[in-house]
Amino acid sequence: MSLGLSAAVAVPVEILTEDRRVFRLAREVGEGGIILETPAPFEPGRPVQIRFALPDGEPLSLRAELTTTGDEAERDGAAGGCRLDFIDLPAAARAALGQYIVPRLGLPPPPG
């Protein structure tokens with residue numbers, strides 16, 4: 001899956017599973033997922049819960065799946081880090097992401 005529209009970001013991300021909790025720094029966020037600065041210690045395909053807040057935004061708690069790590073991340077443009085793809089992104093979270101991403105890309109606001 002693609003990140004879709006994405007923008008640079010530098011925010012801490014809490015990544016949770018039933019038995020583990022880790023923190024990483026996000027370096028890019030998009031409508032489809034998030035790229036972490038360094039790999040997360042989970043196997044690809046594993047569903048996780050992630051929590052983070054965009055700058056000047058409300059905290060988000062979203063379901064995601066680790067999709068790339070290590071060498072795979074290099075091929076996907078996430079050099080050194082890893083990518084988490086959002087699972088069933090709620091409309092409110094999609095809107096919050098858009099409000100962060102669109103101005104940073106210099107795009108006009110969406111109609112409506």
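All heavy atoms count here, side chains included; hydrogens, waters and symmetry mates do not.
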Q: Just how far is it from atom CD of Gln49 to atom OG1 of Thr17, taken to the nearest 0.5 Å?
A: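 Here the rounded value is 11.0 Å.
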Q: What's the spacing between Arg83 CZ and Ile35 CD1 if we round to 0.5 Å?
A: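 Result: 7.0 Å between the selected atoms.
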Q: Treat each ILVMFWY residue as a node, draw an edge where side-chain heavy atoms are under 4.5 Å apart, and state whether Leu25 and Ile34 are in one component.
A: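 Leu25 and Ile34: separate clusters.
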Q: So do the side chains of Thr67 and Pro44 get within less than 4.5 Å of each other, counting heavy atoms only?
A: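 The answer is no; the side chains never approach within 4.5 Å.
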Q: Mind checking the CG-CZ spacing from Leu5 to Arg104? Nearest 0.5 Å is all I need.
A: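 Result: 13.5 Å between the selected atoms.
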Q: Should Leu3 and Ile87 be counted in the same cluster of Ile, Leu, Val, Met, Phe, Trp and Tyr side chains packed under 4.5 Å apart?
A: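 No.
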Q: Consider only side-chain heavy atoms of I, L, V, M, F, W and Y, link residues closer than 4.5 Å, and tell whether Val29 and Phe23 are in one cluster.
A: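 Shared cluster, no.
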Q: Checking side-chain contact (heavy atoms from CB on, under 4.5 Å) between Phe52 and each of Val9, Ile15, Val13, which is the one that passes?
A: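 For Phe52, the side-chain contact (heavy atoms from CB on, under 4.5 Å) test succeeds with only one of Val9, Ile15, Val13, which is Val13.
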Q: Would you say Pro39 and Arg24 make side-chain contact, with heavy atoms under 4.5 Å?
A: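 No; the side chains remain at least 4.5 Å from each other.
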Q: So does Glu18 pair up with Arg46, basic N to acidic O under 4.0 Å?
A: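 A salt bridge is present here (some side-chain N lies under 4.0 Å from a carboxylate O).
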Q: What I'd like to find out is whether the side chain of Arg20 reaches to under 4.5 Å of the side chain of Phe42, using heavy atoms alone.
A: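 SC-SC contact between Arg20 and Phe42 confirmed.
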Q: Would you give the length of the straight line joining atom CZ of Arg51 to atom CG of Leu60, rounded to the nearest 0.5 angstrom?
A: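 Reported to 0.5 Å precision, the distance equals 12.0 Å.
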Q: For residues Pro59 and Ala53, report the shortest heavy-atom separation together with the two atoms involved.
A: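 So the two residues come closest at CA-CB, 3.9 Å.
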Q: Check for me, please, whether Leu16 and Val48 land in the same ILVMFWY cluster - side-chain distances under 4.5 Å, paths through other members count.
A: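 Leu16 and Val48: separate clusters.
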Q: List the atom pairs, with distances to 0.1 Å, where a side-chain N or O of residues 94-101 and a protein N or O form a donor-acceptor pair under 3.5 Å, not counting sequence neighbours.
A:
residue, atom, partner, partner atom, Å
Tyr100, OH, Ala8, O, 2.6

Q: Less than 4.5 Å apart, any side-chain heavy atom of Asp88 and any of Arg63?
A: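 Yes - at least one pair of side-chain heavy atoms lies under 4.5 Å apart.
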Q: Can you measure from CD1 (Ile50) to OG (Ser61) and round to the nearest 0.5 angstrom?
A: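 These two atoms lie 8.5 Å from each other.
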Q: Identify the two heavy atoms, one from Ala40 and one from Cys82, that lie closest to each other, and give their separation to 0.1 Å.
A: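 So the two residues come closest at N-SG, 3.4 Å.
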Q: Once rounded to the nearest 0.5 Å, what's the spacing between atom CG of Leu84 and atom CG of Leu62?
A: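 Answer rounded to 0.5 Å: 10.5 Å.
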